[in-house]
Amino acid sequence: ILNVEQSPQSLHVQEGDSTNFTCSFPSSNFYALHWYRWETAKSPEALFVMTLNGDEKKKGRISATLNTKEGYSYLYIKGSQPEDSATYLCAKGGNTPLVFGKGTRLSVIA
Amino acid sequence: DAGVIQSPRHEVTEMGQEVTLRCKPISGHDYLFWYRQTMMRGLELLIYFNNNVPIDDSGMPEDRFSAKMPNASFSTLKIQPSEPRDSAVYFCASRGVSLSNEQFFGPGTRLTVL
C-alpha cells in the first residue's frame, strides 16, 4: 500500500444499525494514525489519535482499533444516529504532514 | 484560543481575478498547512510552513498559486489569475509540537470562480 486508503467510499445505514469502516496505510515509518470527523460545511474535527499497535480508543458510541504491523485501522459506530452522518477521514502521521485518505461518507437514515 | 481562523468564509469571483485567502493559525503553533478539498481528489495538501518558512510546496497546482507566511500569526494563499477549476473549499490547518502531530483545521474558505 503506497497511500492511505479508506473503504467503503460511502455507506448508508439505518438508524440504530452498527457499522464499521476501514483505513489502510503503509506500515513503514509509522508514527500515528488519526481519525477525523468531517460534517458538511464544517471543518474536520479530530476524533482519535492512535500510536501503538493494538491500540483501541473509544468516545461514546464510536471506537477505533489499530494494527500497525499490517497497516490498518477500523472505526466502529455502535447504534448509528442521524447526527453521525459525516465523512470520516483517516490520516497517517509522521515527521511529514498528515497523509489523508479520501474518507468514508456515512449517511444514517432515520 | 479561537482556533484556526480563515477569511473570507465564502468568495465568489470572476475568472481572471486575483483571489487572496487568509489564515491565522493557533497561537504557538509552528506548522501551518494549506489544503484544497474537491470531490475528485478529496483533501489535497498544497503547501506547508514550519516556523514561517515554506517546507514543501509540491502540492501547489500551478504557478498561479502562491503562499506566504510573513509572520507566525498570518498566512495567505493567493491565486492569480483565478480559473473556474480553482473552485473548491480551501482549508488552513496548524499544529504545534506534540507527540501526536494532531492538526487543527480552520472553517475553510469556499471559493467559486465564475
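Just so it is clear: chains get the letters A, B, ... in the order the sequence lines come, proteins before strands, and each one is counted from 1.
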Heavy-atom side-chain proximity of B:F91 to A:P44 below 4.5 angstrom: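 B:F91 reaches A:P44 side chain to side chain.
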Minimum side-chain heavy-atom gap A:Y36-B:E102 below 4.5 Å: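 Yes. Closest side-chain heavy atoms under 4.5 Å.
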Would [X] end up clustered with [Y] when hydrophobic side chains under 4.5 Å apart are linked, directly or stepwise?
{"X": "A:L75", "Y": "A:F25", "result": "yes"}
{"X": "B:Y48", "Y": "B:L21", "result": "no"}
{"X": "B:L46", "Y": "B:F33", "result": "no"}
{"X": "A:L89", "Y": "A:L98", "result": "yes"}
{"X": "A:L66", "Y": "A:V99", "result": "yes"}

Is it the side chain or the backbone of A:L33 that comes within 4.5 Å of chain B heavy atoms, both, or neither?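 Interface part for A:L33: neither.
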Whether over 12 other heavy atoms sit under 6.0 Å from [X] [atom1]:
{"X": "A:E39", "atom1": "CD", "result": "yes"}
{"X": "A:R105", "atom1": "CZ", "result": "no"}
{"X": "A:Q81", "atom1": "CD", "result": "yes"}
{"X": "B:N71", "atom1": "CG", "result": "yes"}

A:F100 and B:Q103: CA distance, side-chain angles, deciding distance, side-chain contact (heavy atoms from CB on, under 4.5 Å) verdict: CA-CA 12 Å; A:F100 284 87; B:Q103 291 178 193; 4.2 Å; yes
Pick from A:S43, A:G103, A:A91, A:A46 with the largest number of heavy-atom pairs that fall under 4.5 Å of chain B: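 Most heavy-atom pairs under 4.5 Å with chain B: A:S43.
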For chain A, which residues of residues 105-114 of chain B have heavy atoms nearer than 4.5 angstrom: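 At a heavy-atom separation under 4.5 Å, chain A is reached by B:F105, B:G106, B:P107.
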Measuring from A:K102:NZ to B:Q37:CD, what's the distance to the nearest 0.5 Å?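 Going from NZ on A:K102 over to CD on B:Q37, the span is 12.0 Å.
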